[in-house]
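What you see is a predicted model; the values in this text were computed from it and never measured.
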Amino acid sequence: MQDHQHQHHTHHHDDDSPPGATLTEAGAASPAHHTHHDDDHAVHTHGQHAGHSTAMFKNRFWLTLALTAPVVYFSPMVGHILGYMAPMFPGSTWVPPVLGTVIFLYGGQPFLKGGLQELKDRRPGMMLLIAMAITVAFVASWITSLGLGGFDLDFWWELALLVAIMLLGHWIEMRALGSAQGALDALAALLPDEAERITDSGTETVSVAELRPADLVLVRSGARMPADGTVVEGQAEFDESMITGESKTVLRAPGDAVVAGTVATDNSVRVRVDAVGDDTALAGIQRLVAEAQASSSRAQALADRAAAFLFYFAAGAGVLTFIVWTLLGSIPEAVTRTVTVLVIACPHALGLAIPLVIAISTEQAARAGVLIKNRMALERMRTVDVVLFDKTGTLTTGEPELKDVAASPGVEVDKLLALAAAVESDSEHPVARAIVRAARERNLALPAVAGFSSLTGRGVRASVDGRTVHVGGPALLRELAAIEPPALADTTRGWMDRGAAVLHVIDDDGRVVGAVSLEDAVRAESRQAVAALQNRGVKVGMITGDARQVAQAVAADLNIDEVFAEVLPADKDKKVAELQARGLKVAMVGDGVNDSPALARAEVGIAIGAGTDVAMESAGVVLAGNDPRAVLSMVDLSRASYRKMWQNLVWATGYNILSVPLAAGVLAFAGVVLSPAAGAVLMSVSTIVVALNAQLLRRLKLNPSDVR
């Protein structure tokens with residue numbers, strides 16, 4: 001910006017379409033760019049839902065529910081409990097077994113498959129717990145229906161309800177999260193599909209895949225670089241924000257390197273291709289994102305840990321029950337007690353406890369402008385020790401703001417600002433807009449101008465009252481051989497030391513009549529966000545590619561705990577790893593492509609909504625607006641939802657720990673035995689309690705403007 005390099009910050013995000021591209025099957029980036037996210041087709045790429053779409057759970061739930069109604073209605077056990085007699089007709093007794101079998105094979109299929117996978121992986125969790133319960137209920141119910149052994153173990157209605165409730169729980173959870181992993185697709189979309197290759201006879205349009213090192217390509221104004229290369233002819237301001245995350249456009253002239261995915265904003269250039277495909281900087285970022293995503297998806301969620309505990313508890317209790325009753329000499333009683341234990345050990349409440357809390361949490365968060373894409377992000381946010389903000393576009397607006405005006409001796413400050421604003425008034429660049437905006441805020445009358453022209457990389461020029469006036473940075477001073485008055489030079493040196501961009505106003509006789517300084521504007525909300533995080537015991541860090549003095553000035557203004565300045569794009573995720581190596585849990589907040597590996601590496605990646613699609617795909621959380629205080633909503637919600645999860649888990653697990661021994665018959669000597677019917681009814685009550693408790697989360701106030 002010191003060379004009056006005006007910024008043109010391009011964001012590739014359509015606010016009307018939530019992010020949600022998916023990885024291609026091979027794990028490579030697809031050139032297609034999918035920014036539309038349909039929650040019916042979101043796919044979890046890891047964990048208990050691997051390979052299962054939201055639509056699959058939804059469809060299976062509704063069909064299972066339709067089949068469950070007659071199974072429950074025709075169940076003698078339910079009729080006895082509720083005091084009604086189901087109508088009798090030829091074959092009516094076969095309604096529960098036949099429909100129950102369909103429910104077991106169709107509705108239970110995801111759980112049977114998932115349980116088998118957990119068994120193979122030796123990581124028992126919710127799927128194995130459900131699979132065990134429905135399989136035992138299925139076998140026992142058929143033995144009863146066929147009249148074998150004289151057992152009274154009619155669990156058809158319990159089996160049907162269990163499958164329906166678990167399908168509902170999984171559908172709610174997946175719909176709430178919709179966590180498609182599309183970062184690599186979004187990165188690939190930064191590359192154009194075609195390039196203009198220069199030949200002896202002119203230019204030819206070829207696919208990017210056909211480019212080879214040493215090819216010459218023509219990159220027109222507004223077009224993206226198809227590969228890494230070196231400018232050989234022409235010069236242009238390049239918008240590199242999607243790679244560097246920094247807001248200023250950068251002048252690239254012959255001999256300068258340019259990177260795939262960046263945009264030539266104002267002129268055409270000819271570029272010699274240096275690297276294509278996997279050798280480009282963009283491909284390197286893709287690899288970092290893939291590695292970081294793989295490393296952050298290994299944690300096991302809270303509900304899975306509880307389910308693993310319950311599996312071992314239920315299996316152990318079942319074996320013990322069978323052994324004890326067999327030793328007591330009653331094989332039929334041993335079978336009855338064991339089956340009852342294994343069926344009621346699968347907690348309906350646990351299957352709904354976490355999904356309901358997540359669904360309500362994500363709904364509450366969305367109302368506060370926080371879009372949660374990954375349930376682990378919601379769980380981890382409460383444990384975060386440091387929130388690392390990318391500076392530009394996050395803590396600051398990414399737009400320049402006029403800070404100071406200094407006039408040469410004998411010149412009025414207001415007249416100087418009015419003159420600068422008049423010359424800049426025909427320019428659309430953010431720097432120009434900032435100067436004009438400042439003049440208007442001071443109600444200054446701008447003189448009439450004519451003959452406006454832009455001097456690429458140096459500044460602007462226009463005619464004011466018959467004299468030619470230039471406004472530009474140090475490059476313009478050198479070109480015009482203009483000398484700053486000593487007093488003005490002292491002032492502007494202080495501005496530059498602080499990292500501000502300095503523009504001089506030069507009269508037609510080469511006299512420097514004054515200067516203005518512009519800095520990236522700090523968001524007013526940033527101060528509140530930093531203070532509120534520190535009040536909650538969370539440290540605040542800042543990371544930027546900007547010069548150290550620029551970063552220090554912003555950090556001092558905001559009272560930030562730790563600053564990483566002059567960080568190269570490829571090194572941002574290393575800084576996250578450094579913090580993690582110190583034993584800190586990190587939440588990273590950013591908005592550029594270069595932030596995406598760091599977002600994926602951090603315990604929680606938070607993308608600012610005005611940022612790029614790639615950053616949003618790499619993040620577990622997306623802030624719909626630009627308000628950094630929304631991070632506080634995430635912290636508060638995470639802590640509140642974790643408390644609710646624990647309450648629900650304690651209730652669901654506690655119920656099982658008490659009911660399983662009763663079902664096993666530990667108090668049989670005192671005449672207290674939990675019958676299969678009573679166990680099933682109590683389980684339904686437990687589910688209702690959990691559902692009502694989750695609803696209490698709706699009382700949480702998450703408006704960022706209320707942050708304290």
Side-chain angles (χ1 to χ4, degrees), residues 1 7 9-11 13 15 241 244-248 368-371 386-404 430-431 433-435 437-438 441 498-501 517-536 538-547 549-565 572 587-592 594-595 598-599 605-612 615-616 619 621-636 702-708:
M1 211 146 56
Q7 172 224 22
H9 199 166
T10 309
H11 291 308
H13 173 56
D15 286 334
S241 59
T244 65
E246 302 309 330
S247 53
K248 294 185 282 191
V370 179
L371 310 175
V386 57
V387 175
L388 186 61
F389 286 97
D390 177 55
K391 179 182 81 73
T392 308
T394 306
L395 292 174
T396 63
T397 61
E399 293 281 333
E401 177 182 64
L402 187 83
K403 280 288 182 188
D404 292 297
V431 166
R433 287 203 302 266
I435 293 171
R437 188 169 57 244
E441 284 169 2
R498 199 173 68 213
S517 77
L518 297 110
E519 293 179 26
D520 196 0
V522 173
R523 294 184 192 281
E525 307 89 2
S526 297
R527 288 183 187 83
Q528 282 178 281
V530 171
L533 280 167
Q534 290 166 338
N535 288 342
R536 285 163 175 75
V538 180
K539 288 183 175 175
V540 179
M542 184 178 81
I543 190 165
T544 179
D546 280 355
Q549 63 266 33
V550 179
Q552 295 290 3
V554 174
D557 187 5
L558 294 174
N559 191 32
I560 281 170
D561 299 304
E562 188 157 1
V563 181
F564 298 101
K572 285 199 176 181
M588 168 78 190
V589 186
D591 72 342
N594 68 303
D595 298 332
L599 290 170
I606 302 173
I608 289 282
T612 64
M616 300 171 109
V621 181
V622 177
L623 305 183
N626 288 345
D627 192 339
R629 295 176 301 182
V631 175
L632 271 299
S633 303
M634 186 67 188
V635 173
D636 292 346
L702 293 174
N703 191 340
S705 60
D706 296 336
V707 158
R708 293 289 176 271

Heavy-atom pair of closest approach, residues [X] and [Y]:
| X | Y | answer |
| --- | --- | --- |
| Leu558 | Ser526 | CD2-CB, 3.8 Å |
| Ala529 | Leu632 | O-CD2, 3.5 Å |
| Ala551 | Val563 | CB-CG1, 3.8 Å |

(request) With sequence neighbours excluded, tell me which residues meet side chain to side chain donor-acceptor pair (under 3.5 Å) with Glu562. (result)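 By the side chain to side chain donor-acceptor pair (under 3.5 Å) rule, Glu562 matches Arg582.
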(message) Applying side chain to side chain donor-acceptor pair (under 3.5 Å), can you list everything that pairs with Arg527, at least two apart in sequence or on another chain?
(response)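 Asp557.
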From [X] [atom1] over to [Y] [atom2], what is the distance, rounded to the nearest 0.5 angstrom?
| X | Y | atom1 | atom2 | value |
| --- | --- | --- | --- | --- |
| Leu599 | Lys572 | CG | NZ | 9.5 Å |
| Arg536 | Asp636 | CZ | CG | 4.0 Å |
| Glu525 | Arg629 | CD | CZ | 5.0 Å |
| Leu402 | Glu441 | CG | CD | 9.0 Å |
| Ile560 | Leu388 | CD1 | CG | 9.5 Å |
| Phe389 | Ile606 | CZ | CD1 | 7.5 Å |

(request) Could you tell me whether a side-chain N or O of Asp561 sits under 3.5 Å from a main-chain N or O of Val540, the two making a donor and an acceptor? (result)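 Yes; at least one donor-acceptor contact below 3.5 Å.
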When you compare the side chain of [Y] with that of [X], does any pair of heavy atoms fall below 4.5 Å?
| X | Y | result |
| --- | --- | --- |
| Leu395 | Val522 | no |
| Asn559 | Gln534 | yes |
| Leu518 | Ile435 | yes |
| Met588 | Ile543 | yes |

